[in-house]
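The figures that follow rest on heavy atoms only: side chains count, while hydrogens, waters and symmetry mates do not. First the proteins, then the strands, lettered A, B, ... as listed; each starts at 1.
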Amino acid sequence: MTSELPHSCGQEQCNVRETGSCLEGIALEDCPHYQLASEAEEADGRGIEDNEGAAEANEIDLTGTLVRELPHGDALTLTEAGVVSGAGPSRLIVLAGDRDCGKTTLITSLYESFLTGEFCDSRFAGSMTLPGFEQRAFLARLDSGVEIADTPRTSAAASLLVLHLCLVTADPDSRRLHMLLGDLSGERYRLSRESQADARELRFLRYTDRLCLLIDGEKIASPRERIGAIDEAQGTLRSLLEAGVLGDKSRIDVVCSKWDLLQDDDRAAEFVEGGFADVREAFENEVLELHFGRIAARPAQVTKDIPHGFGLDALLRRWISPKVSPDRIESPLPPARDTERECGRFARRYPVKEPK
Amino acid sequence: MTAARTVLLCGLSGTGKSSFLAALWGSIRNKNTSCALALAELGEEREYLENLWRKWVRAEPIEKSASEIVQPVELHLLDKRSQPPPTLLLQIPDMSGETFREQFESRQWTREFENEFAGAESVLLFAHSVGMQEGTTLAEVQHARLGLGNAGNKPTVGPNDKSDSWEIRRCRTQVQLIDLLQCLAREVPIGRPRRLAFVISAWDLLDGTPLKTPNQWLRKRMGLMEQYLATNPSLFTAEAFGVSAQGFDYEDGKGPDTHLEGFANSAERVRVLCGTDPTVRHDITEPLQWLLPGG
C-alpha cells in the first residue's frame, strides 16, 4: 500500500511533511508520532487496500450477526495513545508518586471538573475513554451508595493506562488539544527506586511532555511519615534521571496532594515549603522545568477556601500552555514490531479524525 | 418531486420517543393542522402510529414492554413554510432504547444498523428532563450545602439504584449520549455536519423550577454535552428543544379528564420551546423543521 502523504506528524511545530526530518531529531522509524500518524492517515478515508483492519471491524457475534466493534472506551494503552497523539496537537502527562498519593483521583477530578461546564478557560470536545473516566469516578457519586468518596486503585500489574480528554482552549486560536493523562501504579515507582532495571522499565517517560510527581499530603500530615515522603520523591526523581528516562529536556511538576489536610497545620505547611526548596536545589539544573504546586483534588470536606478540585486549574493551565521548544528526550529504543502492529490495528480501526 | 430524508431517532428507554411520535401523528394527521409541517398524504402503513396515537389522545401511558415492537416510520410531509410547499418523505428508523443500551454496553453495533440508520444526516436525540442518571457527586452535595453550587436544586427522580458495584450501564446519561454521537461521527462520517435536534422530553415536569429554556437545561444538567456540541460544529449543527408531548403528568393524581377538558384540539396540548427562547409554542414539528434543509 502506498500513502499519499508519506511524511506526517501530529506534533505541534513538526515540519516533517515539508522537511522529512523529525522535530526531535530522531530517526523517523523511531518516532512513534511520525509512524502512527502516517498509519492513521492511510486509514482515513483513502481506501484501505490492506483489509486487515476492516476485517477486524467486521466481526460475527454469537448469534451470527455481522457487527462493527466500537472503541472500547476504557483507558488506552501507550500505543493506542500514540494514535491519538498522532492525530493532532497533544500533551502526554504522566502522573507519578507512591501508592495512594492521589494520582488516579487527580485525573478523575480533572474529568469531573468539566462535567458541569468549561474549566480553566477550556471546553470539553470529546474523549476516547469516557467509560474509563466514569468507572474511576463512580465511587465519588452519590448513587454509588458510598458515604465517603473513593477511587479504585490502579492495578500494580497494569502497564501505563492513559485517559484521554480532547479540549478546546479559549485562546484566540481556539486550539484543539488532546490531553493524554497517564496513570501507573505507585508500586512501579517504588520499584524504580529500588532497582535501576525497574527504573529503566519506565522508558516511556521519555515520550512524556510533563511528569507530575505527587507527594502524599496525608503522609506530610504525619510527623513520622513526612520526612520519608519528601525523600521518596527525591529518590524517584534521582533514579529516573540516573536511568536516563528523565533528563535535561524533562518538564516536572512536583505537587503536594491532599492539601486540605495541611491547610490548618502551619508546621506541616512549612515542611512542604522546605521540601520543595530541597527538591529545587537538588534538581533544578538537571531538568528543563521544575514547578511546584498544592492540590486537593477531592477534599474530604470542601470549604470555601479548599473547594473540590483545589489547585487543579493552575496545574491544567501549565499543562495546556503552548510549548516553546521540543522537550522530549530522544528515544534510543524503537518500538517493538508487535507494538507497531498493535498501533496499526488501532489506527485503522479507530482513526481519530480531527474536525476540519 | 419528493425528496427523501432520513432522521435517526434515538435515546435511552423512557425518554419520550414513542410519545413524541404519537403526538406528532396526532398533530399533523388532520387536514386543518396548524403545524408548519403537514401530512401530504396518509401513506400506506399507519397501524403503528394509529396505535400510539390512540393511547396518547386518551392520555393513557404508552407501555414499555418487550412486546412493543419499535417500528420505522415514514411520513409524507408538506412543508407549509415555502410556496409552493415542497413535499418530502421523512423516514424515521426508530432506534429503540434497548438497542441503544445494548450497543453502548457491548461496544459494538450491527452492520444492519450502520448501513440503514447510522448514515442518517439528521438526528433526533432524546433525553428525559428529570429521569436520567445524572451522577451527582458527593462533592457537589457538599458544595451545595456551602452555597457554592446548585446540586441541592437537582431533582432526585431517576434510576439511582443503590449499589457499590460498577457496571458500564452506570455511566452518566450524558456520557452515554456523547459516546453515541462520537461513534456516529467517527464510524459513519457523512462529510459535513449532521443536523441534530436535542429533544428534552417531559418539559412540563420542569414547571416551577428555575430552568426556563432548553439551553439553560442543557448547560445545567448536561454540561459535558453542551460543551461537546459547541466545540464540534464540523460534526454537528445542534439546537435544543424542550418538548412536552403528553402535555401534563399522567401520574399527578388529577386524572386525564381534568387535564384534557381544557384543550380544544390535540396540538394545543403539546408544548415546545426552542434554544434560548422561553416562549411556549404548540407546534411539535419544530424539531423536525430544524432538521430539514434550511431549517
Side-chain angles (χ1 to χ4, degrees), chain A residues 45 57-59 61 65-74 109 111-112 114-118 122-128 130-131 133-135 137-149 152 166-168 174 176 298-299 301-304 307-309 350-356, chain B residues 103-104 106-114 133-143 145-151 158-166 168 170-172 174-176 178-179 181-183 185-187 189 191 193 219-220 222-224 226-228 230-235:
Chain A
N58 286 282
E59 294 178 358
D61 72 3
T65 308
L66 196 61
V67 297
R68 173 187 283 273
E69 293 290 326
L70 300 173
H72 53 68
D74 206 346
S109 294
Y111 163 71
E112 289 172 334
F114 286 95
L115 286 173
T116 51
E118 73 173 52
S122 297
R123 289 190 291 172
F124 170 84
S127 169
M128 296 284 285
L130 282 175
F133 275 119
E134 286 284 288
Q135 180 176 9
F138 180 61
L139 293 180
R141 277 165 50 176
L142 204 56
D143 63 349
S144 71
V146 300
E147 293 180 0
I148 298 172
C166 182
L167 303 179
V168 171
S174 277
R176 187 172 283 263
R298 186 186 290 151
Q301 190 63 47
V302 298
T303 64
K304 286 190 166 69
H308 181 76
Y350 312 128
V352 183
K353 293 168 185 168
E354 287 300 293
K356 293 184 176 62
Chain B
Q103 290 183 353
F104 178 73
S106 69
R107 312 306 298 165
Q108 58 182 213
W109 63 32
T110 66
R111 278 295 180 171
E112 181 188 14
F113 165 77
E114 184 171 299
Q133 206 152 245
E134 202 160 1
T136 302
T137 64
L138 294 161
E140 284 180 290
V141 174
Q142 288 184 349
H143 276 232
R145 286 182 187 143
L146 283 170
L148 298 174
N150 66 352
N160 288 344
D161 50 320
K162 299 277 183 186
S163 156
D164 287 343
S165 60
W166 162 258
I168 192 169
R170 306 292 296 271
C171 282
R172 290 173 170 88
Q174 61 170 333
V175 163
Q176 298 189 38
I178 292 169
D179 189 75
L181 297 182
Q182 290 190 145
C183 287
R186 187 184 302 125
E187 307 292 338
R219 197 174 312 117
K220 291 285 184 187
M222 288 198 178
L224 208 62
E226 192 241 359
Q227 294 171 79
Y228 177 75
T231 53
N232 288 285
S234 64
L235 301 177

| query | Among G117(A), P152(A), P299(A), G309(A), who wins on heavy-atom pairs under 4.5 Å with chain B? | reply | G117(A)
| remark: Okay, Q174(B) and chain A: the region with an atom under 4.5 Å from a heavy atom over there is side chain
| Partner chain B: residue of L130(A), L167(A), D74(A) with the largest heavy-atom pair count (under 4.5 Å) | L130(A)
| query | With a 4.5 Å heavy-atom cut-off, do E112(A) and E140(B) have their side chains touching? | reply | no
| If you count heavy-atom pairs under 4.5 Å between each of A137(A), G73(A), G126(A) and chain B, which one has the most? | G126(A)
| note | The interface call for R219(B) against chain A, heavy-atom contacts under 4.5 Å, is backbone
| What part of I168(B) is in contact with chain A, defined as an atom under 4.5 angstrom from a non-hydrogen atom: side chain, backbone, both or neither? | side chain
| said: Is Q301(A) in contact with chain B via its backbone, its side chain, both, or neither, using a 4.5 Å heavy-atom distance? | reply: both
| query | What part of S109(A) is in contact with chain B, defined as an atom under 4.5 angstrom from a non-hydrogen atom: side chain, backbone, both or neither? | reply | neither
| said: Run the salt bridge (charged side-chain N to carboxylate O under 4.0 Å, His left out) test on D179(B) and R186(B) for me, step by step, so that the C-alpha distance in whole Å, both residues' side-chain angles and the decisive distance to 0.1 Å come before the verdict. | reply: CA-CA 10 Å; D179(B) 189 75; R186(B) 187 184 302 125; over 6 Å; no
| said: Quick check: F133(A) with Y111(A) (ring centres under 6.0 Å apart)? | reply: yes
| request: Show your working on salt bridge (charged side-chain N to carboxylate O under 4.0 Å, His left out) between E134(A) and R172(B) and close with a plain yes or no. | output: CA-CA 8 Å; E134(A) 286 284 288; R172(B) 290 173 170 88; 2.7 Å; yes
| task | Select one option (side chain, backbone, both, neither) describing which atoms of E226(B) are under 4.5 Å from chain A's heavy atoms. | result | neither
| Looking at side-chain heavy atoms only, is the closest gap between Q182(B) and I178(B) below 4.5 Å? | yes
| said: Tell me whether the NZ or CZ atom of R111(B) lies within the 45° cone about the ring axis of F113(B) and under 6.0 Å from its centre. | reply: no
| field | L181(B) and L235(B), any side-chain heavy atoms less than 4.5 Å apart | value | no
| field | Proximity breakdown for C183(B) and chain A, heavy-atom pairs closer than 4.5 Å | value | side chain
